[in-house]
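In what follows, a single structure is set out as structure tokens and then discussed.
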Amino acid sequence: MNEQTKKVNKKKFIIMLTALLAIVITVLSSSYVIFNELEEQLQQNLEDVATQNALALHNKIHSNYELLQSLSKNMHDVTPDNITEKLRSFEIFLDEYDLKRFAYSFPDGTSYSTDGGVAELSYREFFQRGMKGKATITGILKDALEEHHDLVNVMTIPIFDNSGAVEGVFGLTYNSQNFNDALQIESFDGQGYSCAINSDGQILVAMGNDILQLSENIFTDVLGVDQRNTEAVAKLQKQMAESTSDGGTFYLTEKNYYHCVPVKLMGDDVTWYMLTIIPADVLESRAAPVQHSLYLMAFIVSIFILIGVAFVIFLSREQKQIMLRYAYEDPLTKGANYASFCVEMNKKRVPQGYMVSMDITNFNNINIAAGKTAGDRMICDIWQILTDELQSEELAGHVREDVFSVFFKTEDKKLLITRLKQISTRINKRARESQVKGIHSRYGIYEMRGTEEPEDAYSKAQIAREQARIQREQNYVFYNEIDHERLQQDQQLEERFEDSLAEGDFEVWYQPKYSAATGEVVGSEALVRWRDKDGSLISPGRFIPLFEQNGMIAKLDEYMFRAVCIQQTRWLANGQKIYPVSINLSRASLYYVDIVEKYKAIMQEYKIDPDYIQLEITESALEGMSSIQELLKQFRDMGIRILMDDFGTGYSSLATLNMQCFDTLKLDKSLIDHIGDKNGETLLYYVISMGQKLGLHITAEGVENRIQLEFLKKNHCDDIQGFLFAKPMPAVEFENILAHS
Ligand code: C2E
Ligand code: MG
Ligand code: MG
């Protein structure tokens, strides 16, 4: 995994973690908010229930109080003698109001009850309060009027005589249990607890949750359980002293919420407090479903996020693979491209073998002659041939167009050459099948010793391939066999070219052509010479192939063409008799589409008669280039004659003689050199006569001796160009020849 990928993965991990953290925080905070809201809701609920309970308590007690009040009207002037009877008349209310008894106490404390009991109750607080003119309702007391001492609550009111003095205390007694049951106190489905307490904290009535174990005094009970309740008890006591309704929490076996509501009873003579308590787990049980759904939601969202992240990772992997494919797959061959080739080469720890840069000569011809699709098909077939020929641990890559990189694992130079020849043969065969001429493979080879980077090795192989372009003997060049000094000089020549052109360092030399029959000058060929800084001349053989290779030749040819036009015009203007001058045009110049228009414009600029300008094109320039005929036709239409240069070198084709776009055939020196041997002479004889039969003018080049001249004359060769008559010379010298012609 590279650094970039690690970084991206780390980023994704952080994003995922942040998302999950955000969910956890959201869930926790919403859970907290919900819990708080529910708590508030519960407290409000608790308050409502406590208020309702207080009201129920008040109503219950008040109805009994009113009963007591109304019955008390009959209690004036009672005596120990009539009291029993009086009380008996009230018995009918006992059942209806669920009461245990009515009783009456005389000022001495002697008390009589409806159930016949008599007791001395002056010690009872309710009696004492009654005698002070106050109504009372007690907490739970042990019944003093019966043997079993059941638990009871007693309600009493004072009975006033006409003077307003207390003449007795009248009261009723509840069975505590019944009293409790009658109070329909709501207690949160049994989970809560409600009690009525007095200002001392004494529990007067209670019902609900037994677990709370509150039995006698709320303050002491609560404080006895947990010290944290001190504050709560103080708060409760303060609230009770101020007689306000309020709530809070205290801790018993667990946390509890309470709400306390004051209840005014007995014509405000008594204040009780209704305390309703609920354990905190009621809140939790209420919150639980909400929280559960929240957790569930968070869980689902987290799962979605995880799935999302996994999906994104999956997608980005796919994307990466697609990008890798785009980066490393050659769109045409669907095989490895150069980048992929280098990556694979880099994986080899000590690559020993040969790095080869291969290309195809004149590949463009296929595109021009057979179309781009055929060209593409050819590339794919060449790729197929290459991959077929590869052995294990060998690699190939498609660099661009007709260029390929290949790594051969062998260390045997001879074997390598044999394998390259095998590839060449297969490619040539394939080219022949497409009927495209001039297609050969070329190889630049660099021997790798396991120390250099593949890119460096390949660029050296490429330099070697460039050399293979220039030399024609064989189609491969080994980098270590290249004349590097010469390569450097080439570079210097290339660098100097533009300046030399601008400074006029390129000179036009003329080599005259003579009529074979009369020996008179009939024309000349313009040949370029490069004047070096030290005054010496650089011959075209040194730089023309170089410039042909890098495309600079087109500029030079144009320069020469213009210079000849200028010279011819000048000679004419000087009253000089002039002859046609042929100018060499390289194959590379012919690639420029607007060459005809350009040359035409130059001729028009100098108003030169096309009879005085000729163009020499080598036979090899025609290889595989079908559009050339059209181009030559355009020149000929302008009136310019076209000379086929160097006929007889390389693979001359008789078919080119019949292309009908030439006026003159220039027999190469290599043919002329064969004069003297029989076969050569026979060949020359036929070439000349065939050429002439096809209407071509024949010029012999490189004629150096009389024997050659005689042979050519005898065989009706038209013109002679060669050292026998004259070597190429500067314009001023040629001017002399013209002057005496
Ligand atoms: P080429 O066009 O075939 O020119 C004839 C070459 O043969 C000239 O060499 C000339 O000096 C040489 N030559 C002529 N008669 C004889 C002879 O009797 N014996 C010997 N040994 N050589 C003879 P040069 O001037 O060195 O040019 C070499 C080639 O460079 C030319 O061959 C031509 O292909 C190219 N060249 C020269 N000038 C230009 C130019 O302006 N543009 C282009 N594109 N090519 C040029
Ligand atoms: Mg020539
Ligand atoms: Mg020639």
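Numbering of ligands and ligand atoms starts at 1, following listing order. Keep in mind that what you see is a predicted model, and the values were worked out from it rather than measured. Just so you know, residue 1 is the first one in the sequence shown, and it goes up from there.
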Requested in this report: Determine whether the side chains of Asn550 and Glu494 contain a donor N or O and an acceptor N or O closer than 3.5 Å.
Outcome: yes
Query raised in the report: With a 4.0 Å cut-off, would you call Asp505 and Arg531 a salt bridge?
Result: no
Query raised in the report: So, Phe547 versus Phe497, ring centres under 6.0 angstrom or not?
Result: yes
Requested in this report: Please write down residue, atom name and distance for the protein heavy atom closest to atom 19 (N) of ligand 1.
Outcome: Glu704 OE2, 2.6 Å
Report task. Please work out which of Phe723, Phe543, Phe547, Phe561 has its closest non-hydrogen atom nearest to atom 13 (N) of ligand 1. Result -> Phe723
Query raised in the report: Do protein heavy atoms approach atom 22 (N) of ligand 1 to less than 4.0 Å?
Result: yes
Query raised in the report: Does the shortest distance from the Mg ion (ligand 3) to an N/O/S atom of Glu616 fall below 2.8 Å?
Result: no
Query raised in the report: Is the closest N or O pair between Ser586 and ligand 1 shorter than 3.5 Å?
Result: yes
Report task. Could you tell me whether Arg419 and Asp412 make a salt bridge, using a distance below 4.0 angstrom between a side-chain N and a carboxylate O? Result -> no
Report task. Under 4.0 Å, heavy atoms only, figure out whether ligand 1 is touched by the backbone of Ser539, its side chain, both or neither. Result -> neither
Query raised in the report: Strictly under 2.8 Å, is any N, O or S atom of Asp645 next to the Mg ion (ligand 2)?
Result: yes
**Report entry** Interatomic spacing from CD1 in Ile608 to CZ in Phe561 - rounded to 0.5 Å
**Finding:** 8.5 Å
Report summary line: Closest to atom 42 (N) of ligand 1 among protein heavy atoms sits Asp557 OD1, 2.9 Å
Requested in this report: Determine if the distance from atom 32 (O) of ligand 1 to the closest protein heavy atom is below 4.0 Å.
Outcome: no
Report task. Measure from the ring center of Tyr338 to the ring center of Tyr458 and say whether it is less than 6.0 Å. Result -> yes
Query raised in the report: For the atom pair CD (Gln489) and CD1 (Ile538), what is the distance rounded to the nearest 0.5 Å?
Result: 9.5 Å
Query - Top protein contact for atom 15 (N) of ligand 1, by heavy-atom distance - result: Gln511 NE2, 3.0 Å
Query raised in the report: So, Tyr685 versus His716, ring centres under 6.0 angstrom or not?
Result: no
Query - Lys714 to Phe711 six-membered ring, cation-pi geometry met (6.0 Å, 45°) - result: no
Requested in this report: List the closest protein heavy-atom neighbour of atom 38 (N) of ligand 1: residue, atom name, distance to the nearest 0.1 Å.
Outcome: Val528 N, 3.1 Å
Report task. Please name the atom of Glu525, restricted to N, O or S, that is closest to the Mg ion (ligand 2). Result -> OE2
**Report entry** For ligand 1, the portion of Asp668 having any non-hydrogen atom under 4.0 Å away
**Finding:** neither
Report summary line: Between Gln721 and the options Lys669, Lys513, Gln511, the side-chain hydrogen bond (donor to acceptor under 3.5 Å, both in side chains) test singles out Gln511
Query raised in the report: Below 4.0 Å from any atom of ligand 1, is there a heavy atom belonging to Glu525?
Result: yes
Query raised in the report: Using a distance-only test with no angle check, is there a side-chain donor-acceptor pair under 3.5 angstrom linking Glu452 and Tyr446?
Result: yes
Requested in this report: Run the numbers for me: atoms of ligand 1, each under 4.0 Å from some heavy atom of Lys669, listed by number.
Outcome: 19 (N), 20 (C), 21 (N)
Requested in this report: For Ile544, take its heavy atoms, then give the atoms of ligand 1 lying under 4.0 Å from any of them.
Outcome: 39 (C), 43 (C), 45 (N), 46 (C)
Query raised in the report: Does the shortest distance from the Mg ion (ligand 2) to an N/O/S atom of Asn584 fall below 2.8 Å?
Result: yes
Query raised in the report: Just heavy atoms, cut-off under 4.0 Å: does Glu701 contact ligand 1 by side chain, backbone, both, or neither?
Result: side chain
**Report entry** Tyr443 ring center within less than 6.0 Å of Tyr476 ring center
**Finding:** no
Report task. Begin from the C-alpha positions of Asp719 and Ser515 and carry the test side-chain hydrogen bond (donor to acceptor under 3.5 Å, both in side chains) through to its verdict. Result -> CA-CA 4 Å; Asp719 301 331; Ser515 161; 5.0 Å; no
Query raised in the report: What atoms of ligand 1 come within less than 4.0 Å of a heavy atom belonging to Met560?
Result: 41 (O)
Query raised in the report: Measuring to protein heavy atoms, does anything land under 4.0 Å from atom 29 (C) of ligand 1?
Result: no
Query raised in the report: For the rings on Tyr606 and Trp571, is their centre-to-centre separation under 6.0 Å?
Result: no
Query raised in the report: Applying a 4.0 Å heavy-atom criterion (strictly less than), which segment of Ile583 is in contact with ligand 1: side chain, backbone, both, or neither?
Result: neither
Query raised in the report: Closest non-hydrogen protein atom to atom 11 (O) of ligand 1, residue and atom name please, with distance?
Result: Pro728 CG, 3.2 Å
Query raised in the report: Is the Phe407-Tyr354 ring centre distance short of 6.0 angstrom?
Result: no
Query raised in the report: Taking NZ, NE, NH1 and NH2 as the nitrogens, is one of them in Glu548 or Arg587 under 4.0 Å from a carboxylate oxygen of the other?
Result: no
Query raised in the report: Any idea which part of Asn584 is under 4.0 Å from ligand 1, heavy-atom wise: side chain, backbone, both or neither?
Result: both
Query raised in the report: Got the closest protein heavy atom to atom 8 (C) of ligand 1, with its distance?
Result: Leu527 CD1, 3.9 Å
Query raised in the report: Is it the side chain, the backbone, both or neither of Lys727 that has a heavy atom closer than 4.0 Å to ligand 1?
Result: neither
Query raised in the report: Any N/O/S atom, backbone or side chain, of Asp646 lying under 2.8 Å from the Mg ion (ligand 3)?
Result: yes
Query raised in the report: How does Asp646 reach ligand 1, if at all, at less than 4.0 Å between non-hydrogen atoms: by side chain, backbone, both, or neither?
Result: side chain
Query raised in the report: Counting only N and O atoms by type, is there a donor-acceptor contact under 3.5 Å from the side chain of Asp330 to the main-chain atoms of Gly335?
Result: no
Report task. Please check if a non-hydrogen protein atom sits closer than 4.0 Å to atom 4 (O) of ligand 1. Result -> yes
Query raised in the report: What do we get for Arg529 next to ligand 1 when only non-hydrogen atoms under 4.0 Å count, side chain, backbone, both or neither?
Result: side chain
Query raised in the report: Counting from 1, what ligand 1 atoms have a heavy atom of Gly722 closer than 4.0 Å?
Result: 15 (N), 18 (O)
Query raised in the report: How close does the nearest protein non-hydrogen atom get to atom 27 (O) of ligand 1, and which residue and atom is it?
Result: Pro540 CG, 3.4 Å
Report task. Would you check whether Gly541 reaches within less than 4.0 Å of ligand 1, judged by its heavy atoms? Result -> no
Report task. Would you please say whether a donor-acceptor pair under 3.5 Å links the side chains of Gln576 and Glu735? Result -> no
